[in-house]
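Note that ligands are numbered from 1 as they come in the structure, with each ligand's atoms numbered from 1 the same way. As a basis for the values below, the full set of heavy atoms in this structure was taken, side chains included, without hydrogen atoms, waters or symmetry mates. All figures in this text were calculated on a predicted structure; none of them were measured in a lab.
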Amino acid sequence: MSCPKTDPVICTARLVLRRVRPEADFAAMHAILSNPQAMAFWSTPPHETGAQTRDWLAAMAATGPDECDDFIIEYQGRAIGKAGFFRFPDVGYIIDPAMWGQGIASEALVPIIARAFTLYGQARLVADVDPRNAGSIRLLEKLGFAETHRAERTWCIAGQWCDSVYFALSREDWQARA
Ligand SMILES: CC(C)(COP(=O)(O)OP(=O)(O)OC[C@H]1O[C@@H](n2cnc3c(N)ncnc32)[C@H](O)[C@@H]1OP(=O)(O)O)[C@@H](O)C(=O)NCCC(=O)NCCS
């Protein structure tokens, strides 16, 4: 019998959410992680080499079952992004730009957030977003996250300082919405 923490497979209306498979997911995830549009507000510049993506996939595969809950998003059998918690309580997500604006991130994150509260007992989830990242901010607000504060010059990415707007979602607020 599979363990819901180590071997979860979550099926939504259109998506399959599953753990990373570093070899099988390499080509699709490298296409996303090297795409300047997808990476415009990420915490690192677009990947320039396959080695960077291999390291990223290995790190995603290496985290322990109680400190993280991160998923590859599959659509029609194809990896189109990732969503989840590389480290609790910080939520993170990235979707192939060809799939933006179709409700994919919202659909993936609802069951992932529910697990964070119910299966992992998290009390409060957080997100750190570039204030220019309108899509990510709208996604968080749609899921019930609220802005808590802002800070300037929080990330230096490829020599350029970026700011942060911080969001949080409590278990009580999530349950009240449900
Ligand atoms: C942020 C991201 C994951 C959203 O994915 P998505 O599948 O397009 O999101 P959804 O379709 O579920 O949209 C969620 C909401 O955000 C809105 N939205 C999406 N992109 C938007 C944009 N660029 N500007 C304004 N609103 C946007 C949608 O309209 C929707 O709101 P609505 O239901 O009220 O219309 C995607 O744009 C992405 O991968 N960005 C690059 C990676 C990234 O920046 N990650 C976050 C780092 S903090």
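Between the side chain of Glu107 and the main chain of Arg14, a donor-acceptor pair closer than 3.5 Å is present.
For ligand 1, the atoms closer than 4.0 angstrom to any heavy atom of Ala38 are 41 (C), 42 (C). Residue contact check: Asp128 has heavy atoms under 4.0 Å from atoms 48 (S) of ligand 1. The ligand atoms of ligand 1 that sit less than 4.0 angstrom from a heavy atom of Gly103 are 10 (P), 11 (O), 12 (O).
No salt bridge links Asp163 with Arg150; every basic N to acidic carboxylate O contact stays at or beyond 4.0 Å. Using a 4.0 Å cut-off between charged nitrogen and carboxylate oxygen, Arg18 and Asp7 do not count as a salt-bridge pair.
Every heavy atom of Asp96 sits 4.0 Å or more from the atoms of ligand 1.
Looking at residues two or more places apart in sequence or on another chain, you find a side chain to side chain contact (heavy atoms under 4.5 Å, CB included) between Thr63 and Glu67, Cys68, Phe86, Arg87.
Protein heavy atom at the shortest distance from atom 9 (O) of ligand 1 is Ala105 CB, 3.6 Å. In this structure, atom 27 (C) of ligand 1 lies nearest to the protein heavy atom Gly135 CA, 3.6 Å. Looking from atom 33 (O) of ligand 1 to the surrounding protein, the closest heavy atom is Lys142 NZ, 3.0 Å. Given atom 47 (C) of ligand 1, the protein heavy atom at minimum distance is Asn133 ND2, 3.9 Å. Scanning the protein for heavy atoms near atom 30 (C) of ligand 1, the closest one is Arg138 CG, 4.1 Å. The nearest protein atom to atom 12 (O) of ligand 1, hydrogens excluded, is given as Ser106 OG, 2.5 Å; this is a heavy-atom distance. The protein atom (non-hydrogen) at minimum distance from atom 36 (C) of ligand 1 is Trp100 NE1, 3.4 Å. At the top of the distance list for atom 46 (C) of ligand 1, counting protein heavy atoms only, stands Tyr93 CE1, 3.4 Å.
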- Message: With side chain to side chain contact (heavy atoms under 4.5 Å, CB included) as the criterion, how do Asp69 and Arg115 come out once you've worked through the C-alpha distance, each side chain's angles and the decisive distance to 0.1 Å?
- Response: CA-CA 9 Å; Asp69 196 35; Arg115 284 166 58 90; 2.8 Å; yes
- Message: Quick one, Thr53 with His47, criterion side-chain hydrogen bond (donor to acceptor under 3.5 Å, both in side chains). Give me CA distance, side-chain angles, the key distance, then yes/no.
- Response: CA-CA 7 Å; Thr53 298; His47 290 191; 2.8 Å; yes
- side chain to side chain contact (heavy atoms under 4.5 Å, CB included) between Thr148 and Phe167, intermediate numbers included: CA-CA 5 Å; Thr148 56; Phe167 285 82; over 6 Å; no
- Message: Is there a side chain to side chain contact (heavy atoms under 4.5 Å, CB included) between Phe41 and Ser136? Walk through the geometry before answering.
- Response: CA-CA 9 Å; Phe41 303 117; Ser136 182; over 6 Å; no
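With a 4.0 Å cut-off on non-hydrogen atoms, Asp130 does not touch ligand 1 at all. The proximity of Gln102 to ligand 1, defined as any non-hydrogen pair under 4.0 Å, is limited to the backbone.
Between Met99 and ligand 1, a contact under 3.5 Å exists for no N or O pair. Considering backbone and side-chain N/O atoms, Ile95 comes within less than 3.5 Å of an N/O atom of ligand 1.
In terms of heavy-atom proximity, Ala83 sits nearest to Leu109 at CB-CD2, 4.0 Å.
Annotation: Trp155, atom CH2; neighbour count of heavy atoms from other residues, nucleotides and ligands within 6.0 Å does not exceed 12.
Ring geometry for Trp174 against Phe117 counts as tilted: the plane angle lies between 30° and 60°, on a 0 to 90° scale.
Using a 4.0 Å threshold on non-hydrogen atoms, atom 14 (C) of ligand 1 counts as touching the protein.
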